[in-house]
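Labels below follow one simple rule: chain letters A, B, ... track the order of the sequence lines, proteins then strands, and each chain is numbered from 1.
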Amino acid sequence: MRASQYYLPTLRQAPAEAEIASHRLLLRGGFIRSLAAGVFSFLPLGLRVLRKVEEVIRTEMNRAGAMEVLMPVLHPRELWERTGRWTAFQPCPLRVKDRNEREFCLGPTHEEVVTDLVARDVTSYKQVPLTLYQIQTKFRDEIRPRGGLIRVKEFTMKDAYSFDVDEAGLDRSYLAMYDAYVRIFDRLGLPVQIVEAEAGSMGGHDTREFMVLNESGEDTIFICDTCGYSANAECAVARPPASTSRERTEKPRLVSTPNAKTIDAVCAVLGLPADQLIKTLIYRAGEEFAAVLVRGDRELNDFKLAGFLRAPDLRMATPEEIEQVTGGPVGFSGPIGLPESVRIIADCEIASVTDAVVGANQADAHLVGADPGVDFQVETYTDLREAVHGDPCARCAGTLQAKRAIEVAHVFKLGTKYSAALDAVVDDEHGEQRPLIMGCYGIGVSRIVAAIAEIYHDDNGLVWPAAVAPFQVALLLLDPDREDLRQIAEQITADLEAAGCETILDDRDERAGVKFKDADLIGHPLRIVVGRKTAETGEVELQRRRDGVQAMAKPEEVVAKAGELLA
RNA sequence: CGGGGCGUAGCGCAGUCCGGUUAGCGCGUCGGCUUUGGGAGCCGAAGGUCGCCGGUUCGAAUCCGGCCGCCCCGACCA
């Protein structure tokens, strides 16, 4: 391929809107261009990278026994209503109407479509296990696109769905995908941390996320420095302190805390540290109210609470509801003297708090000297708080380290949520009808491009791993007007391409500096220079982008030498 | 959606507070000459609804109101 005929619009300066490295460099290198917030075009170079990533995924999926299909982007509303997700899916699917006012959404994910597909044609246990996948554009009306390709409204995703008759089959299908993912990221050269996670709006269990450690990521994960336990912040568990035994002391004492509606304010008024306070949050689930207790210096984790209460309509109580239930205004709620009907749930840590400050359930007052289990009873102690950097690991004597990460893939077990709703049932070996048990496995293909760019770059530009580089070799012909040099360069290009090494010949009518800068910016793994030195010595210069290792070679030796350097 | 920032030539920016000639600068683009191994030099040229709509004013890039777009921080996800 000749650079002089290639669409290669590199930018000397990054557009102002790009902040993170991958976004900046992908724009500058002429890989992508933005059309609107979270909507991008892939230019020839970017598309080559995207296709490389796809191809790695495709071969490993096929190897794992999954079969590729292509499902529609346009999904009829009725299908989504059968699973209740027309309104429940977050972020909300993009919706369109046809000329007859029939409603569709642009597929944000394909559980409904694939399950419906399988429901129509799979009727016997003999037809499973079955794993179908596709590589396709997904649409999500993201609340806030950000970070170039990191979070967008329209993106390429590989999504796979497995169907089995029993849990054992699901386990096998799940493991096959898990292993395939490990191989995929290994081949892509992308180091991933596999973490425990929540399933989000898809529903499911045994959720694992494949994370690329990076400051531009949107997730926080915790990794134990000793045992390797790792989990998304949404479900990371820290070891609570040993619970403390208490004796009945004096009854809690009412103190005046005028206008102290926040933990900070109460601490200031009473001169006490926040870990001496118990924060009482009032939640509503259906017609039921719950008082949720966490230590004053902690944050409640909503995922954990929702997971414990298992109430689909869980929400914080309104100020009016709080007043009605506790008898006091917002900011002064406490666990003492609540109506019997209010459940009291506490984070494990509360069990070791003594002599605590709690809200008095009346305006401008708190109670001092409250002891859990003595002055009030707790229905259940469970892990409800947000883990923080430096917390003790729940599984060993190690310490949890907080890190930022980019989620690039996700595997989890769906169970029968979709098969039951969409009648994907088969006869088992006894002739009994059973809903298929599903697993779901996603990879953010275009996001991987961003993640690789985040990880592999330096001050001069991108540094693509060979597996995904748009071209393996950039051959810089510094004097395109010299016919002898041009012939050498073209011969080397032909040799390399014949050897299966994708090569772009930079024969543009540009100065040497421009070609060097562009080659560095674009990040070709190997650069070969044909220039004046070649005319003098008959040799060309090879340089590896990754570490700058150089070598000289005669034209007929270039293929072998390039192979060595790219290995 | 809440908070913050920004919108002037393809890209990066100045000018806006304090209204007043023909709206500037760097890069890029086009033409010419020179140059030619790390984003060249000189000469010449093209390129602008100053995001949009309305208002104030003799006069608006600049002041006021509304709207749109983009980026960043927060709650969601691949």
Side-chain angles (χ1 to χ4, degrees), chain A residues 9-20 23-24 27-28 30 33-39 53 57 89-93 108-110 135-160 181 192 197-202 207 209-212 216-219 232 234 299 302-303 316 405-412 440-451 460-461 476-482 485 506 508-521 527 529-536 540-541 543:
Chain A
T10 55
L11 268 28
R12 185 179 285 221
Q13 286 164 303
E17 76 256 16
E19 192 149 302
I20 67 172
H23 190 195
R24 239 181 16 244
L27 284 172
R28 281 193 59 205
R33 289 291 182 263
S34 78
L35 177 64
V39 182
V53 175
I57 293 170
F89 190 86
Q90 287 296 327
C92 123
T109 179
H110 279 67
I135 296 174
Q136 190 220 32
T137 304
K138 295 280 187 276
F139 296 84
R140 293 188 186 176
D141 195 3
E142 291 294 344
I143 303 160
R144 184 166 84 84
R146 63 171 291 275
L149 293 182
I150 298 277
R151 173 161 231 84
V152 289
K153 285 175 182 282
E154 178 181 335
F155 59 99
T156 305
M157 180 175 174
K158 189 286 302 177
D159 48 325
Y181 278 26
V192 288
E198 293 292 324
S201 56
M202 307 295 172
T207 297
E209 289 170 344
F210 289 67
M211 295 287 197
V212 175
S216 298
E218 301 179 286
D219 289 81
N232 194 304
E234 65 201 18
E299 293 299 325
D302 291 332
F303 291 99
M316 288 197 85
I406 303 167
E407 182 189 347
V408 289
H410 196 169
V411 297
F412 56 96
C440 176
Y441 320 93
I443 297 183
V445 182
S446 43
R447 183 181 282 178
I448 282 176
V449 175
N460 295 317
L476 310 193
L477 173 57
L478 299 187
D479 300 291
D481 292 335
R482 286 190 55 162
L485 296 181
D506 194 346
R508 292 176 300 171
D509 184 22
E510 292 285 353
R511 297 169 63 84
V514 174
K515 297 183 184 185
F516 285 123
K517 289 287 184 189
D518 273 352
D520 286 347
L521 174 61
R527 185 186 82 196
V529 177
V530 174
R532 197 190 294 137
K533 286 186 204 163
T534 311
E536 291 164 6
V540 303
E541 172 191 302
Q543 185 175 64

Checking all strands, does [X] fall into the base, sugar-phosphate, or nothing category for heavy-atom contacts under 4.0 angstrom?
X         : answer
Arg482(A) : nothing
Val152(A) : base
Val408(A) : sugar-phosphate
Val529(A) : base
Asp159(A) : nothing
Asp479(A) : sugar-phosphate
Lys158(A) : nothing
Asp518(A) : base
Ile443(A) : nothing

When you look at Lys158(A) and Tyr441(A), which way does the side chain to side chain contact (heavy atoms under 4.5 Å, CB included) test go after all the steps? CA-CA 8 Å; Lys158(A) 189 286 302 177; Tyr441(A) 320 93; 4.1 Å; yes
Provide the Watson-Crick or G-U wobble partner of [N], both distances under 3.5 Å; none if there is no partner.
N       : answer
rC77(B) : none
rG24(B) : rC13(B)
rU35(B) : none
rC6(B)  : rG69(B)
rG59(B) : none
rC50(B) : none
rU29(B) : rA45(B)

Would you kindly compare Glu541(A) and Met157(A) by the position of their nearest RNA chain B nucleotide and give the one closer to the 5′ end?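 Its nearest nucleotide being more 5', the pick is Glu541(A).
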Nearest-nucleotide comparison on RNA chain B, the residue closer to the 5′ end among Arg511(A) and Asp219(A) =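 In this pair, the answer is Arg511(A).
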Pairwise [atom1] distance, [M] and [N] [rounded to whole Å]:
N       : M       : atom1 : answer
rG3(B)  : rG54(B) : C1'   : 28 Å
rC76(B) : rG38(B) : C1'   : 45 Å
rG28(B) : rG39(B) : C1'   : 11 Å
rC17(B) : rA60(B) : C1'   : 15 Å
rA23(B) : rU8(B)  : C1'   : 8 Å
rC53(B) : rC68(B) : P     : 15 Å
rG44(B) : rG20(B) : C1'   : 32 Å
rG26(B) : rA40(B) : C1'   : 15 Å

Would you kindly give the [atom1]-to-[atom2] distance between [X] and [N], to the nearest whole Å?
X         : N       : atom1 : atom2 : result
Ile406(A) : rC76(B) : CD1   : P     : 19 Å
Asp481(A) : rU35(B) : CG    : C1'   : 13 Å
Glu407(A) : rA78(B) : CD    : C1'   : 6 Å
Asp302(A) : rA75(B) : CG    : C1'   : 9 Å
Glu209(A) : rC77(B) : CD    : C1'   : 9 Å
Arg527(A) : rG38(B) : CZ    : P     : 11 Å
Ile57(A)  : rA78(B) : CD1   : P     : 14 Å
Leu485(A) : rU36(B) : CG    : P     : 15 Å

Report yes or no: does [X] contribute a side-chain atom to a donor-acceptor pair with the main-chain N or O of [Y] at less than 3.5 Å?
X         : Y         : answer
Glu234(A) : Phe303(A) : no
Ser446(A) : Thr156(A) : yes
Arg140(A) : Lys153(A) : no

Between CG of Asp518(A) and CG of Asp520(A), what distance do you get to the nearest 0.5 Å?
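Output value for this atom pair is 9.0 Å.
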Counting side-chain heavy atoms from CB outward, which of rA75(B), rA78(B), rG39(B) is closest to Thr10(A)?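 The nucleotide sitting nearest to the side chain is rG39(B).
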For this session: Side chain of Gln13(A) only, please: which of rG39(B), rC11(B), rA78(B) is the nearest?
Result: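 Comparing rG39(B), rC11(B), rA78(B) against the side chain of Gln13(A), the answer is rC11(B).
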Looking at side-chain heavy atoms only, is the closest gap between [X] and [Y] below 4.5 Å?
X         : Y         : value
Val529(A) : Phe516(A) : yes
Met157(A) : Arg447(A) : no
Arg33(A)  : Leu27(A)  : yes

Are the ring of Phe516(A) and the six-membered base ring of rG39(B) within the stacking cut-offs of under 5.5 Å and under 30°?
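According to the criterion (under 5.5 Å, under 30°), no, Phe516(A) does not stack.
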* Step by step, would you call Phe89(A) with Thr109(A) a side chain to side chain contact (heavy atoms under 4.5 Å, CB included)? -> CA-CA 10 Å; Phe89(A) 190 86; Thr109(A) 179; 3.7 Å; yes
Using the rule given for side chain to side chain contact (heavy atoms under 4.5 Å, CB included), can you reason through Leu476(A) versus Leu478(A), listing the C-alpha separation, both sets of side-chain angles and the distance that settles it, and then say yes or no? CA-CA 6 Å; Leu476(A) 310 193; Leu478(A) 299 187; 4.0 Å; yes
With B for base contact, S for sugar-phosphate-only contact and - for none (protein heavy atoms under 4.0 Å), nucleotides 68-73 of chain B reads --SSBB
Note to self: With a 3.5 Å cut-off and heavy atoms only, can you find an N or O donor on one side and an acceptor on the other between the side chain of Arg28(A) and the base of rG39(B)?
What the structure shows: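 When only heavy-atom distances are counted, Arg28(A) does reach the base of rG39(B) through a donor-acceptor pair under 3.5 Å.
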Checklist line | More than 12 heavy atoms from other groups under 6.0 Å of CD on Glu17(A) | finding: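 For Glu17(A), atom CD is crowded (more than 12 foreign heavy atoms under 6.0 Å).
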